[in-house]
Amino acid sequence: MLGVKASHAQSIENREVFWGQEAKRVHWHTPFSQVVDVSRLPFASWFVGGKTNLCFNAVDRWLESDPDQAALVWVSTEVNEQRTYTRKTLWQEVNAVAAMLQAQGVGMGDRVLIYMPMIPSAVFAMLACARLGAIHSVVFGGFASVNLAQRIDDAQPKVIVTSDAGSRAGKVTPYKPLLDRALELCASSVQAVIVENRGLYAFEPVSGRDLDYADLREQHWGQEVAVQWVESSAPSYILYTSGTTGKPKGVQRDTGGYAVALATSMDYVFQGKAGETFLCTSDIGWVVGHSYIVYGPLIAGMTTILYEGTPVRPDGGILWKLVEQYKVSVMFSAPTAIRVLKKQDPELLKKYDLSSLRALYMAGEPLDEPTANWISQGLGKPIIDNYWQTETGWPILAAQPGIEALPTKFGSPSFPVYGFDVRVVDEQTGEDLGAGQKGVLAIVPPLPPGAMSTIWGDDERFVSTYFSAVPNRQVYSTFDWGLFDEDGYWFILGRTDDVINVAGHRLGTREIEESVNAHASVAESAVVGVADALKGQVAAAFAVLKQPERYTTIEQQRALEVEIMALVDQQLGAVARPARIRFVNALPKTRSGKVLRRAIVAVCEGRDPGDLTTIEDPSTLEQIRESI
Ligand code: AMP
């Protein structure tokens, strides 16, 4: 077998051979006639002419071999419940949900929005959509009404599946009222809202629109819904992500390419084997949850754990307890979760039998060396940092122990993953840079199977956002700085744009600014990401008031800060709430009016703000310094 370097080279230089071979890992109802169509770059279609189905590959395909094998295990430390769905019972549940969606007229190409906590019906709904050839759009439960409304208006779902509430750290977090509020804000209307009532939060169903999940499940139980065979390039889902504008982008994913890419990654990157258990601590509202809670492990015939809870309740040993109890062989988490655990009793790491665990994978934000050291020593297992984005759907950079075991380096997500023609390019000229040189991390098209096919409903924005940022050549910009060293190990050095990463959650500062500005007292604001020991980054806001004379005392300012934070919570959700909002007379801007964010960040982090020759009024930066 080829090593990591040689298989990467083959995947780029001889795509047909490499991907033609890999495609055999999934079931094709109709074989494809062409591996990839690159006649319309930067758009690419993978496995042209082939027909397949994600739900079939994740669920039906595994039914025969061992129907009683666990497929989905739900553990909730929030409501103290555990449930195991076998391959057979998962199939039954998915069919029941597919039947209820079908009864609402959902079919091929229709959108279904899923706004749910980490409960099994959310996974059933995703798989049911896939079964029907419908397109799901899962919205993270931490997002609130304005975020939701934007996504509803953009995706135009026929049906929404939701729940009365979730629970976080023992506190009920209502979903249904936020959805109701969002629907009031929306220009579009939906046909039906299916509500799984967990009995956590009392609500009045909207008559003629809201339907009860349990009633429908009973009604459709035992029904078998035929798998819809879809074109390989048919959209499987839309997942919204933040960028530099206030308008989130609907990342559109294909079907066949995604199935193949995930199947390969489960083997080459994650070393997951059928019959084993995968534990991913992400949320189904994020791309990691789509790929490695739901589709990846199930496509590989693994048992996947859906965990509703925090890593520290009932105590900081809960994740390790799950590893022992369910004999987890592969675990995937985010550096923030591990930093949280670092504050717990280190003995908790020794309390459980972790012998089943092969490695811990981490992604979503930079993995700092102290955290990596702490967890690797504590576990005595390989820690595999992997780098990717919502857009790519699976890792761009990672160690690939399923291909070849190579040493890792702290701080580096190792090597380019097969299929990704990654380069470090010069920001000014677009030219490729060599070892040790910092530049923009870019990918030469075509993007590999499973990566985004376009922005939902906006091909032009796909090209203008991602393929026009690097000068003089049409390459995909990751909007991350990076470099590779003499030994071929790659490093990520932060974002090139205004996107911030709070506890592994990607947030657009523009969206937060718009929400802060929505307060009647605020004239304008700047939101930046500032380094934080626990969360990686936190949002810090600086606001200019319309009538500063009304807020002169500390108490008045503090009250206003609380009010603005509440507004952000209500509009975007608590994830987006700035850690602090400070009031200044003016924002540091260039003479052409552009806010000097990098200078603000530098000042907040106690660093030298660098070249300030373009600043209109240097005292504004001084004021920021004083305010913190
Ligand atoms: P998201 O689309 O929410 O998954 O966020 C993707 C962004 O998170 C990337 O563009 C990076 O800025 C950051 N990121 C993800 N994984 C890593 C990693 N392993 N190391 C450093 N940054 C990462």
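Whatever order the structure lists them in is the order used to number ligands and atoms, beginning at 1.
- Ligand 1 places these atoms under 4.0 Å from at least one heavy atom of D480: 9 (C), 10 (O), 11 (C), 12 (O).
- At least one N or O atom of G364 sits closer than 3.5 Å to an N or O atom of ligand 1.
- Taking the six-membered ring for Trp and thresholds of 30 and 60 degrees, H136 and Y237 have nearly parallel ring planes, at less than 30 degrees apart.
- Across every non-hydrogen atom of M116 and I284, the tightest pair is O-CD1, 4.1 Å.
- Every atom of ligand 1 is numbered from 1 in the order shown, and the set under 4.0 Å from a heavy atom of Q389 is 2 (O), 4 (O), 6 (C), 10 (O).
- The main-chain N or O of E460 is found under 3.5 Å from a side-chain atom of S464 such that the two form a donor-acceptor pair.
- For ligand 1, the polar-atom distance check finds an N/O of N386 within less than 3.5 Å of one of the ligand's N/O atoms.
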Step by step, work out the salt bridge (charged side-chain N to carboxylate O under 4.0 Å, His left out) result for D458 and K249.
CA-CA 9 Å; D458 204 342; K249 298 183 285 272; over 6 Å; no
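- If you check which protein heavy atom lies closest to atom 5 (O) of ligand 1, you get R506 CD, 3.4 Å.
- For ligand 1 and D385, the ligand atoms under 4.0 Å from any heavy atom of the residue are 18 (C), 19 (N).
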Would Y361 and Q271 count as a side-chain hydrogen bond (donor to acceptor under 3.5 Å, both in side chains) if you check the C-alpha gap in whole Å, the side-chain angles of each, and the deciding distance to 0.1 Å?
CA-CA 11 Å; Y361 290 78; Q271 319 166 74; 3.0 Å; yes
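- Looking only at heavy atoms of the protein, atom 18 (C) of ligand 1 is closest to E365 O, 3.4 Å.
- The ligand atoms of ligand 1 that sit less than 4.0 angstrom from a heavy atom of N501 are 8 (O), 13 (C).
- Residues Y292 and T304 share a closest heavy-atom pair of O-OG1, 4.4 Å.
- Using a 30° and 60° split on the angle between ring planes, Y418 and Y268 fall in the perpendicular class, above 60°.
- An N or O contact shorter than 3.5 Å links T390 to ligand 1 by distance.
- Minimum heavy-atom separation, A539 to I512: CB-CD1, 4.3 Å.
- Not a single N or O atom of T241, backbone or side chain, sits closer than 3.5 Å to an N or O atom of ligand 1.
- Of all the atoms in ligand 1, the ones that sit under 4.0 Å from a non-hydrogen atom of W388 are 6 (C), 9 (C), 15 (C), 16 (N).
- For ligand 1, the atoms sitting less than 4.0 Å from at least one non-hydrogen atom of I492 are 21 (C), 22 (N), numbered in the order shown with element in parentheses.
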